[in-house]
Amino acid sequence: MGFVITTLSFVAIGIIACLCARVCCNKGPSANLFHLTLVITATICCWMMWAIVYLAQMNPLIVPILSEEE
Amino acid sequence: MEWFRNLPEMDLMRSEKMTSVQLIIPVESAHRAVSYLGELGLLQFRDLNDDKSPFQRTFVNQVKRCAEMSRKLRFLKDQIHKAGLLASDLPALKPDVDLEALEVQLVEHEHELTEMNANSEKLQQTYNELLEFKMVLQKAGGFLVSGKSYETAEGTELDENVYPSDYPDSVSLLEQATQSGPSNTSGLRFISGIIAKSKVLLFERMLFRATRGNLLFNQAPADDLIMDHISSEMVEKTIFVVFFSGEQAKTKILKICEAFGANCYPVPEDLTKQAQITQEVMLRLSELETTLDVGIRHRNVALHSIGVHLTTWINMVKRENAVFDTLNMLNFDVTKKCLVGEGWCPIFAKPQIQEALQRATFDSSSQVGIIFHTMDPVESPPTYFRTNTFTNAYQEIVDAYGVAKYQEANPAVYTVITFPFLFAVMFGDWGHGICLLLGALVLIARERKLSSQKLGSFMEMLFGGRYALLLMSLFSIYCGLIYNEFFSVPYHIFGKSAYKCRDASCGDAYTVGLIKYRDAYPFGVDPSWRGSRSELPFLNSLKMKMSILFGVAQMNLGIMLSYFNSIFFNNSLDIRYQFVPQMIFLNSLFGYLSLLIIIKWCTGSQADLYHVMIYMFLSPFDDLGENELFWGQRPLQILLLLSALVAVPWMLFPKPFILRKLHAERFQGRTYGVLRSSEIDLDSEPGSARHHEEEFNFSEVFVHQMIHSIEFVLGSVSNTASYLRLWALSLAHSELSTVFYEKVLLLAWGYENILIRIVGLVVFAFATAFILLMMETLSAFLHALRLHWVEFQNKFYGGDGYKFKPFSFAALADDED
């Protein structure tokens, strides 16, 4: 459940970032498309990174075994 | 698909549309027109006189004159630099003289300066000699007093050498010393002089051998350093006095003095005469000093007045040189009254160029206007991307590997984000990321000041990539938060850990481990993993699988870009026989592996993915047993294997045969066309017909396709494995960070002594700064770059174009500096 919620929040942040980019630097349709591409790529990269690490820890096969030092 | 075609064109995705143009310029407005075009900087001239040597070109004299003027300017600049005057940093003003007047002025200045230099040389030499004479007088006087005691028993007086009271300005006094002196050979005589300290020992030995030991050599070091006018350095000198007897010895000694570059100065025996001569010498020295000073000041004034204009003049001469070089690229037409030029310009720039040419016609009051029209291209156009300061760094990174072919997809569009991101995957530590961010912000804040300065080559690169560095640092902070490493220390920023001890005593924590009692840690790697014994197995598995997932994603993006290229160039052959089999092959093998990874994570199955993948090939029909991750896995695997096997000949065979058929069809009706001359072209593309070989070399095309397919098939395995460097470098960074933290900082902090703690802190700071921040940054930068250049770009990038280099005065200034 946490996965879906956080994914949706990533999507929301992405949409907000796109709107911000459109508001701040509106320089014609070709430039807008470029900025949109950049924002979408960044959002997808960041989401993938988070999702991979989250999924890997959902059902782990090993657990932390503390080391003897302390 | 229709929607794709109807999207507006994206900035920077494909090269600006270029057009080949022709200019016909009347001679009187040629110079002005080219200057205005240089200021505009949007037209690239093609060299029409390629085959001519530099001396056969039209404007060779003007180029020679410009070269001569720039040589003079360099000489003046050197002189100013040597005189120690600061070159004025005033911005280049609009020049107030024209070229011919400047030429005359420069000749005058150079002449004046060379004269002044020669004069001051001479004066300086005389000054040096007088200085040496003064020192010899001072020190040798002391020897001579004791030398008087070496008088022979007969009481013969020492012969005095006759010294004229007036001291001539000749180079050395060797003639003086040889001329003067009575010719009688009896009695002890001496020669006094000065020699460089480094040669004294050799000199003494030489003299000893030459006179067979019949001499007395006294030396004393000089008090001051003397300027050696040959090497322009201050050298230490030693004053010597040689006592000898006999005429032959004298000639020998004088010759040896000359050979060693020792200057001999006559010193009078008599004390009063010594004092007199010393006084005279001091007087002349002070006179010379004042003269020299006046001379230097005069020269400095002249240099200063030149220096004010120097930058302007240098720029002007550079510009004129460039204009004449460009004019040399144009051809005279038949009437010899016009210059014809060809070149490339972007389509959007045509109105601006038109306007500049009109201004040139008007300003040069020419009767005939300049003709500017497009013409059919003879070769492939250059590639031009309009970048701003932000995207410039990334475009240069891409161009370093290969400039995009005209109008093919530009990988820089995605590189802007994926390059800093992959860097961050390998660098991930939010403490280090913050340091990088501070550095990037400093560079950006001082942008204006640094861009006008001249920087060293390393700083220049760093400054040029400041926006890339900014993005790299931001992504590093993000990845550091995900890896949960702050200088290798994890924090519980996002809530409690998902693991706790099995029971209150935490007894089995060291044997069996903790237990997961909550949902996974919401953002990033759980902080409980750091320091545990099973940390590395877990993180290695995580990072390796992450690398594979990123790799497959980026490679798919590359293949999609090749699809967009094919659509743009209307190459349906490529879509059907290259894009589709490539997608099928890559995804049925490595896309399937990615799917298995995700399913294994979601279900928590114990299946061994190595086993699954290998036995998918070795024994696909066998029962999977405990390696079954989902229902229907075996038939799916068989299907995917078959598709991959089918895809290989699909990308290998059809395309060459179809190309041959198409070629035969196109030239079928033109068998008679071969006999006609190639000027008569019925086709609509004269440019391509000129290039088109009449015969279609099937074997060449087939081999090319085979190489391409094999490269893809084998490359898909090797490239996927290559992405594992993301894992390797992030592991190295994390381990280095841990070592420095635990073995340096914590170790030093464990002691109570404040000195050890400070030393530990300092060592930790230096190690972090140099090894982790500098070396690791460069390393991760390099590997992220390689991943882009090779693994991402070889899926779609041609990279065999050439860059648009317009004739521009602004580019000149950057070039030569």
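By convention in this document, chain letters (A, B, ...) are assigned in the order of the sequence lines, proteins followed by strands, and residues within each chain are numbered from 1.
- Only the side chain of A:T37 comes within contact range of chain B, judged by heavy atoms closer than 4.5 Å.
- Heavy atoms of B:A424 lying under 4.5 Å from chain A are absent altogether.
- Ranked by heavy-atom pairs under 4.5 Å with chain B, the list A:G2, A:S30, A:G28, A:P29 is led by A:S30.
- In this structure, chain A has a heavy atom under 4.5 Å from the side chain of B:Y499, while its backbone stays farther away.
- In this structure, chain A has a heavy atom under 4.5 Å from the side chain of B:Y478, while its backbone stays farther away.
- A:I52 touches chain B through backbone and side chain together, each having a heavy atom under 4.5 Å away.
- Relative ring orientation between B:Y467 and B:F390 is described as perpendicular, the plane-to-plane angle rising above 60° on a 0-90° scale split at 30° and 60°.
- Residues B:R518 and B:S497 have side chains that never bring a donor and an acceptor to within less than 3.5 angstrom of each other.
- Taking A:A51, A:C45, A:P60 one by one and counting their heavy-atom pairs under 4.5 Å with chain B, the maximum is reached by A:C45.
- Considering only heavy-atom pairs separated by less than 4.5 Å from chain B, the leading option among A:L66, A:V53, A:N32, A:T41 is A:L66.
- In terms of heavy-atom pairs under 4.5 Å with chain A, the best-connected choice from B:V416, B:T418, B:I482 is B:I482.
- No part of B:K545 comes within reach of chain A, as not one of its non-hydrogen atoms sits under 4.5 angstrom from that chain.
- Just one of B:L470, B:T415, B:V425, B:L471 meets the side-chain contact (heavy atoms from CB on, under 4.5 Å) condition when paired with B:P420; it is B:L471.
- Between B:T391 and B:N388, the side chains place a donor N or O and an acceptor N or O closer than 3.5 Å (distance only, hydrogens not considered).
- Contacts of B:I598 with chain A are made by side-chain atoms alone, with heavy-atom separations under 4.5 Å and no backbone atom involved.
- Note that NE2 of B:H788 is 5.0 Å distant from CG of B:L422, once rounded to the nearest 0.5 Å.
- The neighbour count for B:E9 CD, taken as heavy atoms of other residues, nucleotides or ligands under 6.0 Å away, does not exceed 12.
- If you measure heavy-atom distances from B:L12 to chain A, the contacts under 4.5 Å come from the side chain alone.
- Between the side chains of B:N540 and B:W727, at least one donor N or O sits under 3.5 Å from an acceptor N or O.
- Aromatic ring centres of B:F421 and B:F550: separated by under 6.0 Å.
- The distance between the ring centers of A:F3 and A:W50 falls below 6.0 angstrom.
- When B:M546, B:R533, B:Q606, B:E535 are compared by the number of non-hydrogen pairs under 4.5 Å with chain A, B:R533 comes out ahead.
- When B:L481, B:T511, B:D519 are compared by the number of non-hydrogen pairs under 4.5 Å with chain A, B:T511 comes out ahead.
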